[in-house]
Structure formats: structure tokens, C-alpha cells
Amino acid sequence: MTGLLQDIQYALRVLRKRPGFTAVAVITLALGIGANTTVFNSVNAMLLRPFPFPHLDRIVTIWETVPKQSDQLSPAPANFRDWSEQSTQFSQMAAVRGWDANLTGGNVAEHVEGTQVSAEFFPLLGMSPEVGRNIGVADFQGGVAPVVVVSHGFWQQRLGGDPGLVGRQLLLNGQKFTVIGIASPDFDFPSGSKVWTPLDLKGAAAEDRGNHYLTVFGRLEDGVSIAQAQAKLNTIAARLGQQYPKTNANHGVSVKNTIEDLTFGTQQFLTMLMGAAVFVLLLACANVANLQLARASGRQKEIALRAALGASRWQVGRQLLVESVLLALLGSVVAVLLSAWGINLLRRSLPPFIVEHVAGLKHLQLDLRAFWFTLLLAVITGIIAGLAPAWHFSRPNVNDTLKEGPRGGSTSESGRRLRTVLVVSEIALSLVLLVGAGLMVKGFRTLVTKDMGFDREHVLTFHVVLPEAKYRDQGKIRGYYEQVLRNIQTLPGVESAACVTSLPSGWNWNWTEFTAEGNPHTSPGDRPSVISQIVSPALFSALRVPLRQGRLLSDQDGPNAPPVIVISETMARQNWPGQNPLGKHIQMGRSEAAQPFRTVVGVVGEVQPIPMSHDPAPTAYVPFAQQPELATAIVVRTAGDPLSLATAVGKQLRDVDADQPPYDMRSLQQVVSDGLSGIESSANLMLIFAGCALTLAAAGIFAVMAYSVSQRTHEIGVRVALGARRFDVLRLVVGGALKMAAIGLSIGLVLALLLTRALSSALFGVIQIDTVTIALLTLALSFVAVLAAYIPARWAMDVDPMVALRYE
Amino acid sequence: MIRLKNIERSYKTAAGQSWVLRRVNLEIRQGEFVTFMGPSGAGKSSLLNVLACLDDQWLGEYWFREEAVHEMKRKQRGELAKRNIGMVFQSYHLLDDLTVRENIDLPLSYKDVPSGQRQSLVADTLDRFQIVAKKDLFPSQLSGGQQQLVGVARAVIHKPALLLADEPTGNLHSSQAKEIMELFRELNQQGTTIVQVTHSEANAAYGTRTIQLRDGWLVGDTANPDLQPYEAVKR
């Protein structure tokens with residue numbers, strides 16, 4: 001221990017005496033450690049601890065599965081009830097359902113995103129409210145007034161932080177809800193929820209096995225694994241399949257860890273970013289190792305003397321490692337500051353909608369766990385960076401080194417080889433990072449500009465949700481939306497306005513089973529499904545979706561007209577290959593739901609749901625007038641900037657019904673780019689990492705060549721004295737750098753191609769192998785290598801042979 | 001104390017083998033003050049490095065206090081040297097970033113000596129060599145003689161049985177050299193066996209025995225008048 005303390009003391013003294021070296025090493029390591037701290041913090045917030053619940057790993061999400069259709073179908077209420085009653089693997093099981101409500105009673109009506117929850121929801125999560133109480137069993141008794149728990153943020157920002165709110169009533173969807181509790185500041189599960197109300201599954205709802213709209217969570221009993229819970233639920237599902245063949249035949253169950261389930265889309269990107277950050281760290285370590293090798297060369301006599309005085313190899317090596325770890329610890333202080341700044345920047349660069357709804361993003365900040373991670377990483381980094389120099393110099397040739405004779409560090413062959421290996425590795429790693437970043441940026445740009453089958457320019461979008469209590473019959477719903485659309489179309493600058501169930505690039509798609517004429521399904525589990533869009537006739541002109549065959553929907557397709565449908569090209573091809581689909585019939589939904597058979601009157605071009613999808617999704621367009629919905633999105637094509645009409649459009653809606661506000665108003669361009677914001681952020685981060693890698697690689701090459709020139713001054717002097725020209729000297733030095741670069745680039749190219757192949761399959765459509773981009777990046781790195789060697793080469797060219805030949 | 005039998009040391013060169021020590025047979029008794037002399041390249045420093053266990057590429061037998069050094073592995077030799085041998089260098093070889101006190105303490109730090117004991121030993125040594133006032137100075141702040149004094153103090157702090165000195169006064173002027181040699185004599189009188197390499201006859205006079213080397217051969221020994229002359233040995 002005393003020896004270690006002495007080593008630390010000595011190391012601090014040595015580093016203080018060489019501020020230039022110390023500063024360069026600290027900044028280099030800070031870049032590497034900072035990159036990893038930033039990514040780790042994101043991983044921690046979004047993958048490891050996205051929610052503040054105790055024992056997060058014991059919470060699972062339970063889905064229904066249907067072979068050939070979906071491995072993630074929302075459970076139906078009756079199935080949830082049976083699972084809950086018949087399985088013993090869970091201490092609690094709860095169901096939730098998204099609930100859109102309009103808060104009225106104040107000056108302006110406001111949309112509130114909420115969740116309806118079953119009685120076990122809050123006990124399952126183990127979260128206590130900050131004020132009041134949570135929803136409990138008593139709130140589900142008959143005749144009890146409806147209650148609501150509000151989120152902390154909603155209470156602060158929208159309800160004035162009223163300390164006396166508990167016990168008061170809020171008017172939600174025209175109904176009075178008594179506030180019973182205010183959630184803790186860190187609770188907003190499912191992400192984005194502002195209010196929680198009881199989920200009514202009584203009566204007909206309790207026996208419903210045909211409508212799938214719940215999300216079910218369970219907390220595993222102690223000692224029960226996911227596999228065990230899965231096996232038990234499989235048995236229950238099989239039994240239900242026999243008992244209720246029309247609705248449950250072939251329906252299975254899927255039990256997944258909730259975090260993994262919710263963060264699936266994020267995992268791949270964060271894993272890729274973590275890999276990139278590790279590359280940057282390795283580059284930093286290689287650079288610092290090179291610096292330390294050069295410095296230790298000048299300390300060979302000191303090291304030999306220590307050995308002569310009795311220092312063991314371990315003691316000598318420890319001295320060098322301690323210096324290296326100290327540098328890394330100093331670097332970690334700078335890294336934490338860099339990371340804090342970077343995380344702040346990242347959060348501010350993301351759209352508010354994304355921050356609200358992606359698990360963990362809202363609470364992204366440097367915390368204690370990130371601090372410990374940084375500390376541990378600093379120690380490991382110091383050891384990695386110091387290992388090569390410590391190993392190389394800890395066994396000095398004492399006899400030769402301490403001989404009286406000319407001073408000056410001599411470079412051993414093994415030392416030179418080691419430095420070359422480090423630089424070659426840096427170049428290889430840099431190329432891999434550069435290629436990864438370049439392809440990712442290119443992939444992102446391709447996605448952003450990709451033709452998705454519609455025109456996203458000059459389109460305003462928003463959503464409306466009507467309360468069922470006020471809009472009970474279809475006539476009222478239809479009347480409301482028709483009036484709204486008429487009002488909007490009177491505004492100057494509006495070209496057309498329409499309703500549509502789901503916006504392109506939105507997050508929710510309505511997949512519905514259907515039966516196509518001439519294609520009967522053999523069993524309940526065999527039914528195909530399609531994206532169902534309930535639309536008003538102007539949708540196709542508003543989004544400029546082209547007509548391919550037949551006709552578009554029109555105002556004549558009213559509630560009393562024959563039921564019709566327009567389908568996408570894919571749907572036509574899949575169901576009636578080589579045939580004319582016009583005049584065919586489709587029944588949307590399950591046959592037992594007794595929906596009418598609709599006649600296909602038109603075929604339109606493909607509209608891709610998300611930019612990343614390779615294959616177009618089959619889509620069916622049903623007239624809004626024939627099947628009006630309470631909740632819908634509205635698209636408004638404008639002549640100019642769509643957002644300039646936001647206020648006017650909002651007024652038009654208030655004129656129809658002041659209690660039904662529009663929400664989530666964005667341009668369609670914004671909707672698409674918000675959906676890609678995660679990829680954009682990842683691409684930007686990759687670019688930053690690649691930039692760091694390029695800088696570090698260039699610095700590494702420069703340092704090695706500069707040191708090499710300083711060691712070869714005598715040799716260069718002799719060459720010049722023997723007739724070498726300036727160009728010959730330049731070629732000597734730059735040629736050496738190019739040799740290293742060539743080896744590094746060859747290795748890096750192979751690694752880059754392998755990694756790109758792996759990433760292109762993991763990142764679903766974002767990264768594609770592009771040989772032109774890879775070739776350009778390789779050339780760019782070669783150019784950087786030549787540039788980095790040029791300055792030392794100029795020094796070499798300036799060597800005076802008379803001075804060099806006297807040099808000892 | 002020391003017995004060398006047929007010690008040989010050579011280096012590989014492009015022209016073949018270059019011999020620096022040839023069939024050296026030597027015995028050094030406890031308490032002797034031995035001087036190695038000879039022209040440049042005679043093998044004096046090489047022989048000293050063999051005795052110090054700094055060089056392990058030699059052949060032959062080396063007995064130190066009846067321990068067979070030639071049969072030991074490198075680590076064992078290092079341990080033996082750490083325990084029993086102190087070395088003084090011509091260029092002092094002090095560490096520039098350590099103070100006088102820390103330089104003297106350095107060998108003890110590698111010997112697992114408890115901290116309290118180390119402090120006490122360092123304090124005694126500083127006092128003994130009368131350099132207490134300079135304990136917090138760095139080598140660059142001392143004269144050549146003072147630096148060599150520190151070098152000697154460092155070499156003897158752990159009370160080695162054998163003190164080796166390679167041209168200890170080579171970089172000092174005469175009055176400083178005399179001080180150092182007087183110190184060596186004093187240490188020898190206190191029981192330390194000393195072996196020095198020197199070109200100086202004046203320095204050799206402080207010793208009790210002089211050994212001559214030439215071309216790697218042991219050609220003269222004041223303790224062994226029967227030693228064959230150089231020409232005969234070479235034949």
C-alpha cells in the first residue's frame with residue numbers, strides 16, 4: 001500500500017513537470033471516456049432503467065399470438081381475465097388501455113393523453129403517489145364516482161400546481177372525475193400518460209374475446225422465470241382455444257420482459273453506438289500508449305536504475321501503470337463535463353413528442369451510476385493505455401542501459417514494432433468508424449428523402465378525439481367531422497382537408513382481419529390482416545396518392561350508399577394476382593362481427609407506413625361516411641407554410657364544438673422526420689465519433705512519424721551527406737507512413753465490410769452497403785495519413801547533415 | 001565471501017565472438033577492499049557487473065557466501081543482490097524527480113521494509129552522511145560531490161555485505177574524490193567488503209588489494225604473487 005502511495009505521489013510529480021504531455025494525454029483520454037459515458041448514460045436511462053419501478057426485471061408484458069399473422073396481438077378482455085384468474089405465476093397482473101380525453105371546464109379545452117388501468121396496475125408497479133392515493137379495488141365498485149390520478153408534470157404545468165387539487169373534480173370528456181392522487185415526479189407509465197382512470201371491464205366487455213385492445217403486464221412471483229410463466233400461460237391458452245374455438249383457436253401467448261419489449265427498436269441503435277464509443281476509446285488508448293512509449297524511451301536509464309536498485313518487474317510496471325491510470329482519471333473529470341454537455345445537447349435536439357413517448361428519454365441525465373461507470377472505465381482505460389509501455393519497459397537491459405557512454409534514448413526494434421502496431425490498429429479502427437458513420441448518414445438522408453407514396457410537403461396534420469358520452473351515434477360523429485372539414489376548407493390557403501385513421505409515419509396502425517372474395521380462410525387463425533384506413537374522399541388529393549385503377553372514394557359514398565372500398569396495389573396483387581380486383585368483395589373484420597361485404601371500386605398507389613419498411617403494406621380505405629370513428633387524424637393541404645394556418649384551423653374546430661380541441665398539430669414533414677429523429681441522432685453521434693476517430697488517428701500518425709524522425713536524425717544526415725535530395729527524404733518519411741496506412745486500411749476495410757453487413761441486417765433498412773461511399777472514405781483517410789506525416793517529413797527535410805553527423 | 005571459477009563473458013559480433021572476460025578465477029574474502037585496474041576494455045566494469053548480478057550472460061561458477069549464484073534463476077539473483085549488494089556509479093544515477101531523502105529511500109521501497117523502519121533508516125543515514133540539511137533538495141540542486149555522497153548513502157542504507165563502486169570519483173575533482181575515498185575506507189573499516197573499479201592509483205591506494213585485468217584476463221593480483229604473467233596467460 002505504501003509502495004502504491006509512493007507511486008501515486010511520484011506519478012503526480014512527473015505529470016506536473018510535463019504539462020504539455022499531460023494535457024494532450026488527458027484530452028485524448030477524455031474524448032474516449034466521454035464518448036462512452038454519454039452512450040452508457042443513454043443505455044442506462046433507456047435500456048437498463050427506463051422506469052423507476054422496483055425490481056424492474058420481474059415485470060413482463062403478455063401478448064396474444066396468432067400464427068401467420070402476428071406475434072404481438074393485444075389481448076382481449078376476457079382472455080386477460082382468464083389468465084389473471086387461472087395462472088399462479090404472477091403476484092399481480094394488470095391491463096391498461098390508452099385513453100384520449102378532452103379536459104374542459106376551463107378557458108380552453110385541452111387534449112389529455114391518459115391511460116385506463118385495472119385495479120392491480122399501481123400495486124404491480126410498486127409506485128406510491130406523491131399526494132393522495134392510487135386507484136384501488138374500491139374504485140371499481142358499482143355506483144362509485146369515477147376517479148383520476150394525475151401526473152406530476154400535468155399537475156404542475158397545466159393545473160397550476162394547485163396544492164388542494166386532491167378531492168377536486170376534473171371534467172374529462174364531459175364527465176366529472178374526482179382527483180384522488182398526484183403521481184410522483186418520475187412516474188409517467190406508459191410513457192406520455194398524464195392521467196390514469198379505472199378501466200371498466202364489466203358486463204359485455206368482460207366476456208369480449210373478439211376485440212383486442214389491451215396491454216397486459218404481470219409481475220412474476222419470486223422464483224418464477226419467464227419460461228415457467230410462458231409454459232403455464234400456453235396451457236391456459238390451449239384450453240381457451242378449445243373452449244372458444246371461434247375466437248381463440250390457435251391463439252397463443254407470448255411473455256416478454258417489459259423493458260426488452262418496450263425498447264426493442266432502441267436496442268440495436270444503442271448497441272451500435274456503444275460499439276462506436278468503444279472504438280473511440282481504443283483509439284484514444286492507442287494514442288496515449290504511443291505517447292507513453294515515446295516518453296518511457298527517454299526514461300530508460302531511470303527504469304534500469306530502479307531495477308538495479310532492486311525493483312521487481314511488477315514494481316517498475318506498476319509505476320508506469322499508475323501514471324497511466326492517473327492520466328485516465330484526470331481525463332474522466334473532463335469526460336464527465338463533456339458528457340453532461342453532450343447529453344443536454346442530445347435531449348434538446350430531439351422533438352418533444354419523442355422525448356415524451358420514448359421510455360427513459362425524459363429522465364436522461366448524468367446520475368450516480370454513470371459516475372461510477374466513468375470511474376471504473378477510467379481505471380480500465382488507464383490500464384489498457386499503460387499496459388504496452390509497462391510491459392515493454394518493465395524488463396530493462398540494466399547492464400547495457402547503465403553503461404557509461406553517450407546519453408540519448410535508443411529505440412529498440414521491439415519498441416518500434418509496437419508503436420507501428422498501435423498506429424496500424426488506429427487506422428483500421430478509424431476506417432471502421434468512418435464507414436459506419438458515413439453509411440449511417442447516407443442511410444438517414446435516403447430515408448428522409450425517400451418517396452413513401454405521398455406528398456408530405458405543405459400538409460398540416462392534427463388529431464381529434466370525440467367523447468363517446470356526447471357522440472353516441474354515428475350520425476353525430478359524421479356530422480361533426482363533415483362540418484369541421486367544410487369549415488377548414490373555407491380558409492384561405494387551404495386546398496383540401498380529409499380524415500384518416502392513421503398518419504403515414506405515425507406510431508399506430510390499425511391492422512384488421514379481413515375476408516377477400518374467392519379466398520376463404522380455412523381456420524380462425526388463418527385470417528389475413530390489412531392496414532385499415534377510414535378516410536374521407538379528399539384524402540387522396542390531400543396526400544396526392546395516385547389512382548391506378550377504377551375510381552377514388554367520393555361524397556356519393558354516403559351512409560346509405562352501397563358499401564365500397566378502395567385498396568392498395570399490394571392488396572390487389574396479394575388477393576387477386578393476375579385478376580381485375582374491381583368489383584371484387586371484401587369483408588373487413590371477423591366474419592362474426594357481421595360487417596358488410598364491400599365492393600372494390602378503386603386501386604391506389606402504395607403508401608409506405610414507415611420509411612424503413614422495405615415491402616409496402618396492404619392497405620384498405622373505407623369511406624368515413626359509412627364507418628365514422630370517434631378518433632381520427634385530419635390532414636390539410638395548404639398552399640403555403642402549413643403551420644401558419646394552425647391557429648385558424650384550431651378556431652374552426654372550436655366553432656363546431658369548443659370542447660373538442662385538436663392536438664398534436666404538426667406538419668406532415670415534421671411527423672415523418674420526428675419518426676426518424678432517433679436515427680438522425682444516432683447518425684449525428686456516429687459522425688461525431690468518426691470525427692474524433694479521424695483526429696485521433698491523424699494525431700497518432702503524426703506522433704509516431706515525429707518521434708521516428710527525431711530518432712533518425714543521424715541517419716537522415718548521413719543520407720543527405722551521401723547525396724539524398726529533399727524529395728528523397730520526404731519520400732522516406734511519407735513512404736513509411738503510407739506503408740502503415742496501407743496495412744491499417746486493408747485490415748480496416750475487411751472489418752468495415754463485415755461490420756456493415758452485420759449492421760445492415762440489425763438496423764432494418766437504415767444501413768446499406770455502398771462501395772462508392774466506402775471507397776471515398778478510404779481515400780479520405782489515406783489523405784489524412786499523408787497529411788499527418790507531412791509535417792514531420794518537412795522537419796526531416798530541414799535536417800542539416802553537418803549538425804546531424806555531430807549529433808550524439 | 002566471493003568465489004569466481006572460470007568466469008567467461010562474450011558478445012556476438014559480425015566478426016564472431018568478442019571476449020570481455022576469460023577464465024577469471026578469483027576469491028574475495030570478507031572485509032577486503034579490492035581494486036580492479038587495467039586499460040580501457042580490459043573487462044573491469046564487466047567483472048563488476050557480474051559480481052553485482054546485473055549481468056547474467058556469463059559462464060562459469062560464481063559463489064557468494066557459499067550460495068551458487070550460477071545455478072540461480074534471474075529472479076533469485078535479483079533477490080540476492082537486493083539483500084547483500086550495494087552499487088555506486090560513476091554518473092551517480094540519481095533520479096532527478098526525487099529528493100535526496102527519496103533517492104536514499106528508494107532501495108528500501110523495493111525491499112518490503114515497514115514504513116516506520118524505513119523512515120528511521122533514512123534518518124540515520126542522512127545523519128551519518130551529514131546531509132540532513134539537504135534532504136528535501138533535488139539532485140540538480142547539488143554539487144557533483146554531494147550527488148555522489150547521496151549515491152553512496154543510497155548504496156549502503158540497507159547495510160549490504162558487499163559494496164561495488166564503478167569509477168566512483170570519475171566525475172569529481174580531487175578534493176571531492178578524496179572525501180569519497182575516505183568514506184569508503186571508513187565503511188571498509190566498519191566491516192563492509194568493497195570492490196572498486198578505478199584508473200586512479202591514488203584511489204587504488206585506499207584498497208588492501210589490487211587486481212589487474214587485461215583483454216579479459218586476470219593478469220595480476222597483489223594477494224597472489226604466483227599469478228602467471230600476461231604473456232603466459234595469453235598463450
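Bear in mind the structure is a predicted one, so any value in this text is a computation, not a measurement. Letters A, B, ... are given to chains in the order of the sequence lines, protein chains preceding strands, and every chain is numbered from 1.
Defined by atom type and a distance below 3.5 Å, a donor-acceptor pair is missing between the side-chain atoms of B/N203 and B/Q196. One side chain, A/S324 or A/Q292, offers a donor N or O that lies under 3.5 Å from an acceptor on the other. A donor-acceptor contact under 3.5 angstrom links the side chains of B/S143 and B/Q146, judged on distance only. Looking at B/Q17 and B/W19, their side chains never bring a donor and an acceptor atom within 3.5 Å of each other. There is no side-chain donor-acceptor pair under 3.5 Å between B/D136 and B/T99.
For A/E302, the parts lying under 4.5 angstrom from a heavy atom of chain B are both the backbone and the side chain. For chain A, no part of B/I85 is nearby; none of its heavy atoms comes within less than 4.5 Å. In this structure, chain A has a heavy atom under 4.5 Å from the side chain of B/R154, while its backbone stays farther away. Both the backbone and the side chain of B/L54 come within contact range of chain A, judged by heavy atoms closer than 4.5 Å. Contacts of B/E167 with chain A are absent, with no heavy-atom separation under 4.5 Å from either backbone or side chain.
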Step by step, would you call B/H70 with B/W58 a ring pair (Phe, Tyr, Trp, His ring centres under 6.0 Å)?
CA-CA 9 Å; B/H70 51 278; B/W58 43 269; 7.2 Å; no
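For the pair A/E323 and A/R295, the salt-bridge criterion is met [side-chain N within less than 4.0 Å of a carboxylate O]. Ion pair A/R13/B/E102 flagged as a salt bridge, since at least one NZ, NE, NH1 or NH2 atom sits closer than 4.0 Å to an Asp/Glu carboxylate oxygen.
Of the residues considered (A/K17, A/R299, A/Q9), A/K17 shows the highest number of contacts with chain B, using heavy-atom pairs under 4.5 Å.
Looking at B/L149 and B/I180, their side chains come closer than 4.5 Å, going by heavy atoms from C-beta outward.
For residues 305-313 of chain A, the interface with chain B (any heavy-atom pair closer than 4.5 Å) comprises A/L305, A/R306, A/A308, A/L309, A/G310, A/A311, sorted by residue number.
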